[in-house]
Amino acid sequence: MKFKRFAEYLERIEQTPSRLKMTSVLAELFGEATADEIDQMVYLALGRLRPKYESVEFNLAEKMMFRVMAEAYQVEPAKVKQAFKKTGDLGGAVEELPHFAKASRGTAKDLSVAEVYQRLMDVAADEGVGSQERKVNHMANLIRDLDSLSAKYVLRIPVKKLRLGFSDMTVLDGLSWMEAGDKSLRPQLERAFNVSADIGGIAERFKKGGLAGVAGVKVKVAVPIRTAQAERLPNEKAVVEKLKVFAVEGKYDGLRVQIHVDKSPDSKRKIQSDLFGESKKFVEIFSRNLDNMTHMFPDIVAAADKLKVKTAILDGEAVAFEPKTGKSLPFQETVTRKRKHGVKNKAKEMPLKVIIYDLLYLNGTTLIEKPFKERRKQLEKVLGRNGKTDGLELAEQEIVSEPERLNQLLKKYLKEGLEGVMCKKLTTAYQAGARNFNWVKLKKTSQKELADTIDCVVMGYYAGRGKRSGFGIGAFLVGVTHKSEARSTKSEIGVGSVAKIGTGLTDEQWREIRRRADKLKVKAKPEEYVVDKNLAPDVWVRPEMVVEILADEITRSPIHAFGLALRFPRLISFRDDKDVGQATTKRELERLFKLQRG
Ligand code: ATP
């Protein structure tokens with residue numbers, strides 16, 4: 001397909017306010033694509049060059065993109081900046097540039113999607129001395145070779161601003177629509193995506209081999225598996241009734257890490273670990289959101305590198321500890337290890353250990369279909385007799401079938417400073433991407449507080465009065481999410497208010513939340529927000545900040561979006577490891593509401 005035609009599709013997607021329509025336009029695009037180019041189109045339409053977990057970066061700042069445009073269109077960088085200021089968008093700036101029309105008419109080359117993709121790949125791959133200059137030149141040449149519509153979209157990609165408003169899941173819907181004219185094939189496509197999160201790869205397989213093609217998608221080292229998640233039950237008795245005989249482990253409060261190891265002789269990949277010397281073999285670490293965190297955790301890389309396996313995928317929780325005492329640190333401290341700069345020093349100051357609780361793949365064989373009991377047995381073998389290699393520790397586990405014993409264990413783990421316990425069925429497979437009763441979390445023994453914290457989205461804040469006027473923030477509004485089926489909005493996730501929080505924060509937390517909120521400030525209420533007008537905050541923020549909130553109970557509410565509100569809500573932490581798609585949903589809130597009433 002010519003890139004110009006592809007850009008016309010992007011324009012149609014951008015202009016449609018309806019998600020259903022967007023899905024059908026995607027289906028049309030996919031229908032017209034060949035099997036060789038569909039993966040590239042998927043990545044490009046999502047504003048990337050490769051799946052998110054491969055973190056292919058352009059390393060071209062907005063400032064550099066002004067130079068790209070200036071060179072491409074032979075105008076002064078200041079003019080570009082001016083045009084950018086007017087439109088607030090690099091793509092939009094294209095149409096503002098006076099010389100542009102003339103220049104583009106004479107030079108556009110009608111490139112194919114594959115050609116543009118390859119040239120963007122070359123720009124991203126260029127590194128080392130003089131690479132910034134070369135990147136600017138190559139990008140400018142590419143822009144010069146494009147018509148204005150194509151340039152508009154291509155310019156947004158290096159600075160991660162394409163944002164057409166859809167995600168991997170809409171791509172799955174679009175593929176289903178292409179084949180069946182509706183979303184009916186989504187479950188089969190999602191199954192494949194759950195075990196192998198390469199969205200472009202799935203599109204390619206589906207295009208080539210239809211449903212049979214995606215049915216063959218298998219777990220692969222270096223491609224993350226979507227994580228399994230836990231359900232909630234109100235108390236020990238309910239857990240025993242539901243699970244009968246089950247494994248109990250501590251619920252560690254750290255960062256979920258999926259560790260992929262490939263030490264097979266044919267592993268061509270190698271990564272550099274400058275803290276502990278070069279790692280000869282391949283280790284990659286993914287977050288619960290499928291982000292690549294490998295470079296943040298050289299200590300985990302070094303630990304995984306020592307495992308006596310050919311290939312493996314491990315699931316676990318990374319927890320920071322105090323080097324002198326060995327004492328585990330709280331989540332708020334662990335999360336500071338997630339950083340791009342100063343990785344080395346931070347790793348020394350605050351090392352990590354990973355509590356491993358599952359094994360999903362071993363020496364070339366997938367284990368996810370095997371019952372947990374069997375996966376655990378294999379995991380014990382991998383981690384050795386005492387369950388420890390440097391930096392990796394087997395999660396303690398006990399088989400339980402009595403509420404009394406479960407209660408004792410819950411108390412023990414809470415006393416040790418853990419969040420609670422995880423109860424796991426012994427006979428079931430690892431259900432990638434699912435939240436169900438194969439795993440049940442239990443956090444509190446008392447009924448005074450809710451059984452679980454709620455991960456809310458910050459929607460806006462109110463100016464401060466009295467003592468807090470100094471912080472410029474007196475309260476903030478939070479909400480939970482719901483799947484937005486509304487055809488009138490483009491966003492897949494809606495957010496409805498559940499609480500206005502105005503007490504219980506330390507001065508430092510007030511400052512922090514204000515600082516973070518100001519970065520996400522928007523002029524008007526985002527269209528996906530459901531908020532009563534009497535609750536409208538002074539400052540609206542984009543739905544990107546997730547906070548963990550503890551409340552005493554959930555009550556009925558005449559004013560909040562879903563008829564439910566949090567009573568005595570307080571801020572526990574900033575959940576930087578979660579994006580909005582992983583915040584608590586309306587359905588979960590309703591379930592918690594029922595749970596508390598027994
Ligand atoms: P929470 O907000 O309560 O941490 P969550 O929404 O992050 O929950 P859940 O699916 O509810 O995720 O709970 C599972 C999470 O608990 C996992 O993502 C993992 O990070 C953490 N965890 C800690 N210890 C364990 C364990 N032993 N087994 C499985 N998950 C564990």
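Keep in mind it's a predicted model, so treat the numbers as computed, not measured. We count ligands from 1, going down the list as the structure has it; atoms in each ligand are counted the same way.
- The aromatic rings of Y529 and W540 sit tilted relative to each other, their planes meeting at an angle between 30° and 60°.
- Here the heavy atom of the protein found nearest to atom 20 (O) of ligand 1 is E317 OE1, 2.5 Å.
- For the atom pair L418 CG and E396 CD, the distance stands at 9.0 Å (nearest 0.5 Å).
- Comparing heavy-atom distances from atom 28 (N) of ligand 1 across R575, K424, Q582, K251 singles out K424 as nearest.
- Among all non-hydrogen protein atoms, the one lying nearest atom 25 (C) of ligand 1 is Y357 CE2, 3.3 Å.
- Across L307 and V382, no two heavy atoms sit closer than the pair CD2-CG1, 4.1 Å.
- Residue contacts with ligand 1, taken as heavy atom pairs separated by less than 4.0 Å, involve R288 solely via side-chain atoms from C-beta onward.
- Distance CZ/R186 to OG1/T170: 7.5 Å, rounded to 0.5 Å.
- Note on ligand 1: D455 sits in its first shell, one or more heavy atoms being nearer than 4.0 Å.
- At least one N or O atom of R435, backbone or side chain, sits closer than 3.5 Å to an N or O atom of ligand 1.
- For G250, a nitrogen or oxygen atom sits less than 3.5 Å from a nitrogen or oxygen atom of ligand 1, counting backbone and side chain alike.
- The nearest heavy-atom contact from the protein to atom 11 (O) of ligand 1 is K441 NZ, 2.2 Å.
- Applying the side-chain hydrogen bond (donor to acceptor under 3.5 Å, both in side chains) test between N407 and each of E236, K412, E402 identifies E236 as the sole match.
- In Y252, the parts holding a heavy atom less than 4.0 Å from any atom of ligand 1 are both the side chain and the backbone.
- Under a cut-off of 6.0 angstrom, the local environment of NZ in K370 is sparse, with at most 12 non-hydrogen atoms contributed by other residues, nucleotides or ligands.
- Within a 6.0 Å sphere centred on NZ of K586, other residues, nucleotides and ligands contribute 12 heavy atoms or fewer.
- Using a 4.0 angstrom heavy-atom cutoff, E231 does not count as in contact with ligand 1.
- Taking every non-hydrogen atom of Q229 and a distance limit under 4.0 Å, the qualifying atoms of ligand 1 come out as 10 (O).
- The closest approach between any non-hydrogen atom of K578 and ligand 1 is below 4.0 Å.
- Polar contact check, A230 against ligand 1: a nitrogen or oxygen pair lies under 3.5 Å apart.
- Contact between R232 and ligand 1 is absent, with no heavy atom of the residue lying under 4.0 Å from the ligand.
- Ranked by closest heavy atom to atom 3 (O) of ligand 1, the top entry among M422, K443, R256 is K443.
- Separation of atoms CD (E369) and OH (Y430) is listed at 13.0 Å; rounding is to 0.5 Å.
- Close contacts between ligand 1 and E249 involve ligand atoms 26 (C), 27 (N), 28 (N) [criterion: under 4.0 Å to a heavy atom].
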Handout entry: Criterion salt bridge (charged side-chain N to carboxylate O under 4.0 Å, His left out) on D455 and K578, from CA distance to verdict
Key = CA-CA 9 Å; D455 293 321; K578 282 201 171 183; 2.5 Å; yes
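- Within the 4.5 Å cutoff, no side-chain heavy atoms of D173 are placed close to those of F166.
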